[in-house]
Protein chains: 2
Amino acid sequence: MSNTEKDFLTNYNIHDYELPLTTVDMAIFTIRDEALNVLLVKRNQHPAKGKWALPGGFIDTHKDKSLDDTAKRKLVEKTGVKISHVEQVASFSGKKRDPRGWSVTIAYMALIADEHIKLIKDESSEEIQWMPVHQIGKKMSLAFDHKGILNACHERLKSKIQYTSLPVNLLPSEFTLSELQTTFEILLEKPVEKKSFRRRILSSDILEETGAMKSGPSRPAKLYQVVNKEGKNYLFPRTLEGSR
Amino acid sequence: MSNTEKDFLTNYNIHDYELPLTTVDMAIFTIRDEALNVLLVKRNQHPAKGKWALPGGFIDTHKDKSLDDTAKRKLVEKTGVKISHVEQVASFSGKKRDPRGWSVTIAYMALIADEHIKLIKDESSEEIQWMPVHQIGKKMSLAFDHKGILNACHERLKSKIQYTSLPVNLLPSEFTLSELQTTFEILLEKPVEKKSFRRRILSSDILEETGAMKSGPSRPAKLYQVVNKEGKNYLFPRTLEGSR
DNA sequence: GATATTAGTGTCATAAAGCCACTTAATCAA
DNA sequence: TTGATTAAGTGGCTTTATGACACTAATATC
């Protein structure tokens, strides 16, 4: 009988145990046309061939150092976006969610700005497109349990904007306070009081003026950018209630 | 060539792909002797034999309907506790965290009351015991990346008590407001102002008086219990700043 | 140059927390 | 029995951050 850890590992066969299928799935969010959109791909392969799904797939145990790597790799493969907010949300599991067997998927969400993005259709999908989240309500069906996963990611996003500065990740690098407010309003699904909003954001020191202005058909607005604090999201002392 | 999903599944072999080892690990917290404690087991088997670790292990694809089931099963196996707060925290992954190969573990935390608990040592562990979390600082080493997992669970707990009623799950079914306040103070690691605390808790309607009193060497205190709301944790409108 | 439009501010009201001294109800020691 | 001690519980003022909303400011357009 072997006794040391080395002996143990020499005789260890990963397939002696029944392992679940383990994958990563991802809700990539952006704001387009005044609405929250999520990226969907039409599956090219069985199972659930022809159905719309969240991008995702197997871990590449050679390329990926961690699940975060897998998620970031998927994001780059589909959008070309390298830097953005990527966050683990939750895991989903069970015998029935995938017909291939007992499976686990680790769900991620990513927030990206809708600028200069060309969606990349690779061999794994027939089609790829942005879809407004509110249109995936009851009518549209998604592959596997992806609607539940999308819901969890959407809920996480909605809950986080109550007390963090997360939504700045959905905007391009420079933006006006009004644009930021509109983004908050889209996510909160209700209007936000202008003065409260500006006071809150400006007193938190998460933004700084770029010096430039954005001019339009009316009074020009100051442009702001995020102060670099290693991706830390500011926590507000109170939640944003929003006007009723 | 096969074409239908049925044909695809017939020919599908789960071991054609390199799957990561997937497990569940759990930080089971309780309050003992005025300190936050976590349950540790001494590993009986390779790898990391003889090291202290968080309880956890493989998914039983026959018994467990989901990872939540796996986590709850582990909790019952070690403590006998069936009803409690169990929450998924995060996943940890990589090639190096377990010498057996690329692995993923889904970390859970559980909050239980320290009453009538007999720890159950099964074949999988040599020893099982409560350990104050602050004693696992820099000195003590844990198996695998379990110290990082424990940290993540501890952080999640600390962040959640800022705005939720979660800590009630660490107390027995009946308790006084002072006991609850002490629990908050242990978790926040700073004193809490009595009046503010009581106002906050009482106006939130998460508790109700049992009618009974707890008598001690001084003025007796009212006993409270959690109002049953299907385990929902109340969200406070502001965070608890705590006295400085 | 008047008007429309959006940016941005002044100021008071409100809600929930902080602060801290006070009262209350019990035990304990003499 | 009474006064000291202790912990439970309250009164009431202060502080902080948000809500409400009317106001001023700067630009384009007609």
Side-chain angles (χ1 to χ4, degrees), chain A residues 34 161-165 167 171 174-186 188-225 234-244, chain B residues 34 161-165 167 171 174-186 188-225 234-244:
Chain A
E34 310 274 286
I161 56 179
Q162 297 283 343
Y163 54 92
T164 73
S165 55
L171 286 168
E174 299 196 1
F175 49 86
T176 69
L177 283 185
S178 295
E179 287 166 349
L180 184 58
Q181 182 178 339
T182 303
T183 303
F184 269 82
E185 288 173 335
I186 289 168
L188 287 167
E189 296 175 298
K190 58 186 171 186
V192 167
E193 212 288 318
K194 185 169 53 167
K195 185 66 196 288
S196 311
F197 179 77
R198 300 173 81 91
R199 214 175 15 208
R200 182 175 160 108
I201 296 291
L202 291 176
S203 67
S204 72
D205 284 325
I206 52 175
L207 299 185
E208 61 187 10
E209 300 181 11
T210 65
M213 303 289 280
K214 175 163 189 171
S215 48
S218 77
R219 177 173 173 173
K222 285 184 182 170
L223 280 165
Y224 290 84
Q225 64 194 10
Y234 183 81
L235 280 169
F236 295 101
R238 289 176 55 179
T239 63
L240 207 50
E241 291 174 25
S243 320
R244 271 144 274 232
Chain B
E34 309 274 286
I161 56 180
Q162 297 283 343
Y163 54 93
T164 72
S165 56
L171 286 168
E174 298 196 1
F175 49 86
T176 69
L177 284 185
S178 296
E179 288 165 348
L180 183 58
Q181 184 178 338
T182 302
T183 302
F184 269 82
E185 287 173 336
I186 290 168
L188 288 167
E189 295 174 300
K190 60 186 173 188
V192 167
E193 212 286 319
K194 184 167 55 164
K195 185 65 195 292
S196 311
F197 180 77
R198 300 173 80 91
R199 218 178 9 210
R200 185 176 159 105
I201 297 292
L202 291 176
S203 67
S204 72
D205 285 327
I206 53 174
L207 300 185
E208 61 187 8
E209 299 181 14
T210 66
M213 304 288 280
K214 176 164 189 170
S215 48
S218 78
R219 177 173 174 174
K222 285 182 182 170
L223 280 166
Y224 290 84
Q225 63 194 8
Y234 183 80
L235 281 167
F236 295 101
R238 287 174 60 176
T239 63
L240 210 48
E241 291 173 25
S243 318
R244 271 145 273 229

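Numbered from 1 within each chain, the chains take letters A, B, ... in sequence-line order.
- Here the two rings, on A/Phe197 and A/Phe184, have centers that are under 6.0 Å apart.
- A straight line from CZ of A/Phe236 to C1' of C/dA17 spans 19 Å, rounded to a whole angstrom.
- In this structure, CD of B/Glu179 is placed 12 Å from C1' of D/dA7, rounded to the nearest angstrom.
- Residue B/Ser196 places at least one side-chain N or O closer than 4.0 Å to OP1 or OP2 of C/dG18.
- We find that CG of A/Leu188 is positioned 15 Å from C1' of D/dG19, with the value rounded to whole Å.
- Atom pair B/Phe184:CZ and C/dG18:P shows a separation of 12 Å (rounding to whole Å applied).
- Between atom CD of residue B/Glu174 and atom CG of residue B/Leu207 there is a gap of 11.5 Å, rounded to the nearest 0.5 Å.
- Distance A/Leu240 CG to D/dA17 C1': 11 Å, rounded to the nearest Å.
- Place A/Met213 and B/Leu177 on DNA chain D by their nearest nucleotides, and B/Leu177 ends up nearer the 5' end.
- In this model, the phosphate group of D/dA17 is not approached by any side-chain N or O of A/Arg238 to a distance below 4.0 Å at OP1 or OP2.
- Judged by distance alone with a 3.5 Å cut-off, a donor-acceptor contact links the side chain of A/Lys195 to the base of C/dG10.
- The distance from atom CD of A/Glu193 to atom P of C/dA15 is 16 Å, rounded to the nearest whole Å.
- Expressed to the nearest 0.5 Å, how far OG1 of B/Thr210 lies from CG of B/Leu223 amounts to 4.5 Å.
- Using a 4.0 Å heavy-atom distance criterion, A/Arg200 is classed as a sugar-phosphate-only contact.
- The base of D/dG9 does not come close enough to the side chain of B/Arg199 for any donor and acceptor atom to sit less than 3.5 Å apart.
- Between A/Ser215 and A/Ser203, the one whose closest nucleotide on DNA chain D sits nearer the 5' end is A/Ser203.
- The listed nucleotides are D/dG9, D/dA17, C/dG8; the one nearest the side chain of A/Pro237 is D/dA17.
- Note: B/Leu235 CG to A/Gln162 CD = 9.0 Å, rounded to the nearest 0.5 Å.
- Contact between the side-chain N/O atoms of B/Ser218 and the OP1/OP2 oxygens of C/dA25 is not found at any separation under 4.0 Å.
- Taking B/Thr183 as the reference, B/Ile31, B/Pro167, B/Leu170, B/Leu171, B/Leu187 meet the side chain to side chain contact (heavy atoms under 4.5 Å, CB included) condition, with sequence neighbours excluded.
- Put simply, B/Arg219 has no side-chain N or O that comes within less than 4.0 Å of OP1 or OP2 on D/dT6.
- In this structure, CG of A/Leu223 is placed 15 Å from C1' of C/dG8, rounded to the nearest angstrom.
- Residue B/Arg198 contributes atom CZ, which lies 18 Å from atom C1' of C/dA16 at whole-angstrom precision.
- Side-chain N/O atoms of B/Lys194 and base N/O atoms of D/dG9 include a donor-acceptor pair closer than 3.5 Å.
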